[in-house]
> 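Next up is a structure, given as structure tokens.
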Amino acid sequence: MSDTTTNPARRRFLVDAARTASGVALLGLGVGLYSRQAASLPSQAIRPPGALAEDSFTGACIRCGLCVRDCPYDTLSLATLGDGVATGTPYFVARDVPCEMCEDIPCVKACPTGALDPALTDIDDARMGLAVLIDEENCLNFQGLRCDVCYRICPSINKAITLERQHNERSGKHAVFIPTVHSSDCTGCGKCEKACVLEEAAIKVLPMHLAKGELGGHYRWGWKEKQKAGGSLVAPDQQHQYNLPQGQRYDYEGDGLIFEQDGGAVPFDEDPLSTLNKGLEAQP
Amino acid sequence: MKRRQRPGAQAVAERGWLSAHKWLLARRFSQLAILALFLAGPWFGIWIVKGNLVSSVTLDVLPLTDPYVLLQSLLARHAPEAAAVTGALIVLAFYLLVSGRTYCAWVCPVNIVTDSAHWLRERLNITGASRLSRNTRYWLLGATLLLALITGTLAWELVNPVTMLQRGLIFGMGLGWTLVLAVFLLDLLVARRAWCGHLCPVGAFYSLLGTHGLVRVRADNRRQCDDCMDCFMVCPEQQVIRPALKGADKGIGPVITSPNCTNCGRCIDVCAKQVFTFGGRFNNRCTDSTQPGAPADARAPANHSPGMEVLR
């Protein structure tokens, strides 16, 4: 009735509760939206070895800094407000201080929550990111110089980065040695980026999702499938036929052109006429 | 109107400055000593405690983890390793035993910020306040936990001024000082004890651990109370004092049982009559009740003393 609807105590309680709830909800909305924005890790910020995927990591890392403390090279630091990295989480910038890839991985051992996955026991299995030779125009090796610094400094030398020899088109007579990163061995430690002699590094460690493409799930490499199946999957292979002169054949297994050593070996008769008449003899 | 003395002035006059600031000094020592333990490593290479207040390792053996942050992580659907769980259980057990909000007064460095803001607020005589409910902190606590559940990240820890100050002092502040300044200004200008007493979800979480805590402030000498109001003036959670101090006639025991009492001990310091002491939770029987209708006391009845109205 009228006296219940205007009950001032009840009214005040309801208004107060609504005020508090909406204030808290607004704050929550703001923080929630900010958290989505903060989930995008800047590409120069690299997580320590063994870090879970970024969306799991920000839920697992409690921002204690024990990994920072146990890093013997002071590589890691905790993000502060304004860094663009989720506040309080550990990261490093390879160009400043790269990961030295300690064999005992003290940062992972220090992590109390498993945000740095304790299953990582061999530092070579770490995938902090992937080095990418990002600027072929300024990389000295691409110009034919033998800088090779990224190749030399790499802890997995000749595995994570190899030098691939190519013809030097500019000079026309030399070779260029192209530093080539292999994701099978690159841990993303960033020593190459740190060591690059350029003013701005030509080789950079990028987060995996930026550094690597991915095939569509349905895509198959034909030759791999063929090898797996032990033969063509579509139709029986037609062996290619070369029109070779008499006494020659082609070996498809790799020997190439073979001169058969049978009889005279010379495909032509002494008498040129008989060559011209060849094939006509059978006709009536 | 009589000009009000600064709270504690009489206690200082009667017992001396040191005795009237005993618990305050002890708390500041505790707060700073804990920070010093964390900073001795990075500053002087003396590694006693590593990490920060969210999670630490003491002398390479004792793990301690903030159960509130770990709870957020659990709600973000991460199963933590044993070290964090062990650390959180130790902290939980400690604060269940000692009373959760002891953390607020004796450990958390934000307390120094908000106490300073309060001191300045009193000095500048800033009164009047926006009406904030003391229950807002529980709403906020719920919201922070809900956020972790929804976003799958420790969303609140991105902006939590408490962990930000703790971590910032030990690992570097960045722009985190802006949030600490915001808390300071909030307490200075917006409302009395706005952050620690009304909003902080960390304190709200720890208060939930304090419902059965054993270490409590007791008003065993409450018959001595002369209604000088000094304890109310200094108390960061004023609502907790009244039942114990003035409840004799209602049959309420002398122990301050509210889980929101931070065990800061300022009431003990400033009371010239030495009404308060630290003590246990037990033996909370009301033995000093005056009979209703007993000969009129010189003092006003407990729940109608004029000072009380001011605090409404």
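Here the structure is a predicted model, which is why all the values come from computation and not from measurement.
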> If you count heavy-atom pairs under 4.5 Å with chain B, which of C67(A), A86(A), S77(A), G114(A) comes out on top?
G114(A)

> Please classify the contact of L147(B) with chain A as side chain, backbone, both or neither, using a heavy-atom distance under 4.5 Å.
side chain

> Between A155(B), S55(B), A76(B), G51(B), which has the largest tally of heavy atom pairs under 4.5 Å with chain A?
S55(B)

> What part of D83(A) is in contact with chain B, defined as an atom under 4.5 angstrom from a non-hydrogen atom: side chain, backbone, both or neither?
neither

> Once rounded to the nearest 0.5 Å, what's the spacing between atom SG of C64(A) and atom CG of L70(B)?
11.0 Å

> Does any backbone or side-chain atom of A79(B) lie under 4.5 Å from a heavy atom of chain A? Answer side chain, backbone, both or neither.
backbone

> Which atoms of L179(B) come close to chain A, meaning under 4.5 Å heavy atom to heavy atom: side chain ones, backbone ones, both, or neither?
side chain

> So which part of T178(B) gets closer than 4.5 Å to some heavy atom of chain A, the side chain, the backbone, both or neither?
side chain

> C61(A) versus chain B, heavy atoms under 4.5 Å apart: side chain, backbone, both or neither?
backbone

> If you draw the axis of the six-membered ring of F38(B), does the NZ or CZ of R69(A) fall within 45° of it and under 6.0 Å from the ring centre?
no

> If you count every heavy atom of other residues, nucleotides or ligands that lies below 6.0 Å from D122(A) atom CG, does the total exceed 12?
yes

> Go through the atoms of W47(B) and report whether side chain, backbone, both or neither lie under 4.5 Å from a heavy atom of chain A.
side chain

> What option among C111(A), A60(A), A110(A), G28(A) has the most heavy-atom pairs under 4.5 Å with chain B?
A60(A)

> If every non-hydrogen atom of T80(A) is compared with every non-hydrogen atom of G174(B), which pair is closest and at what distance?
OG1-CA, 3.3 Å

> Which one wins on heavy-atom pair count under 4.5 Å against chain A: L74(B), T153(B), T86(B), L140(B)?
T153(B)

> Let me know if T65(B) has heavy atoms under 4.5 Å from chain A in its side chain, its backbone, both or neither.
side chain

> Let me know which of L158(B), V54(B), N52(B) forms a side chain to side chain contact (heavy atoms under 4.5 Å, CB included) with R63(A).
L158(B)

> Give a yes or no on this: more than 12 heavy atoms of other residues, nucleotides or ligands lie within 6.0 Å of atom CZ of R77(B).
yes

> Could you pull out the closest heavy-atom pair between G59(A) and S73(B), with the gap in Å?
O-OG, 2.8 Å

> So which residue, G23(A), A17(A), G65(A), ends up with the most heavy-atom pairs under 4.5 Å with chain B?
G65(A)

> Counting C-beta onward and ignoring hydrogens, is there a side-chain heavy-atom pair between L78(A) and R167(B) closer than 4.5 Å?
yes

> Is chain B contacted by the side chain of D55(A), its backbone, both, or neither, given a heavy-atom distance below 4.5 Å?
backbone

> Dump the intermediate steps for side-chain contact (heavy atoms from CB on, under 4.5 Å) on V159(B) and T87(A), then the final yes or no.
CA-CA 8 Å; V159(B) 294; T87(A) 319; over 6 Å; no

> Counting heavy-atom pairs closer than 4.5 Å to chain B, which one of V31(A), L27(A), I62(A) comes out on top?
I62(A)

> Report the distance from atom NE2 of H198(B) to atom OG1 of T20(A), rounding to the nearest 0.5 Å.
10.5 Å

> Enter the distance from L116(A):CG to E81(B):CD here, rounded to the nearest 0.5 Å.
10.5 Å

> Report yes if some heavy atom in the side chain of T136(B) is under 4.5 Å from a heavy atom in the side chain of V24(A); otherwise report no.
yes

> Determine whether H78(B) and T113(A) satisfy the following criterion, side-chain contact (heavy atoms from CB on, under 4.5 Å), listing intermediate values before the conclusion.
CA-CA 9 Å; H78(B) 173 72; T113(A) 65; 4.2 Å; yes

> Measure A25(A) against the heavy atoms of chain B and call it side chain, backbone, both or neither at under 4.5 Å.
neither

